[in-house]
Amino acid sequence: MAKAPIDGIDTDDANDADRKVVEDERAKLRDFVKGLSPDDIKSGRWFTKLSAQAVKPPGVV
């Protein structure tokens with residue numbers, strides 16, 4: 001079966017820099033999820049934390 005392009009971009013066109021950016025973003029997301037407590041999830045605070053994370057300028061921890 002042929003690969004289907006995602007959002008009009010053929011994944012075969014991705015270069016090492018593109019892959020690095022995606023891998024870095026996935027690592028940040030994994031760290032974010034690992035930092036959530038069960039109480040964060042139950043109470044809905046996960047959404048507030050996610051929103052705060054999304055509006056932070058790049059490079060701010």
Side-chain angles (χ1 to χ4, degrees):
M1 178 180 253
K3 291 181 183 177
I6 300 171
D7 295 330
I9 299 172
D10 189 348
T11 55
D12 291 336
D13 290 339
N15 60 31
D16 290 338
D18 295 332
R19 286 185 176 89
K20 174 80 169 113
V21 169
V22 172
E23 288 172 10
D24 290 347
E25 288 298 316
R26 288 181 70 192
K28 288 178 191 176
L29 287 171
R30 280 191 198 100
D31 289 342
F32 173 78
V33 171
K34 285 179 185 177
L36 294 175
S37 70
D39 190 47
D40 289 334
I41 296 167
K42 288 179 187 176
S43 68
R45 278 193 303 252
W46 68 270
F47 186 76
T48 304
K49 290 182 175 189
L50 179 63
S51 297
Q53 184 80 13
V55 297
K56 281 185 190 176
V60 175
V61 179

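Panel note: side chain Asp18, backbone Asn15; a donor-acceptor pair is recorded below 3.5 Å.
Counted within 6.0 Å of CG on Asp16, heavy atoms from surrounding residues, nucleotides or ligands total 12 or fewer; the atom is thus considered open. Within a 6.0 Å radius of CZ in Phe47, no more than 12 heavy atoms belonging to other residues, nucleotides or ligands are found.
Arg30 pairs by the side chain to side chain contact (heavy atoms under 4.5 Å, CB included) definition with Arg26, not counting sequence neighbours. Among residues two or more places apart in sequence or in another chain, the side chain to side chain donor-acceptor pair (under 3.5 Å) test is passed with Asp24 by Lys20.
Hydrophobic clustering (ILVMFWY, side-chain heavy atoms < 4.5 Å, transitive): Trp46 and Val33 are in one cluster.
To the nearest 0.5 angstrom, Leu36 atom CG is 8.5 Å from Leu50 atom CG.
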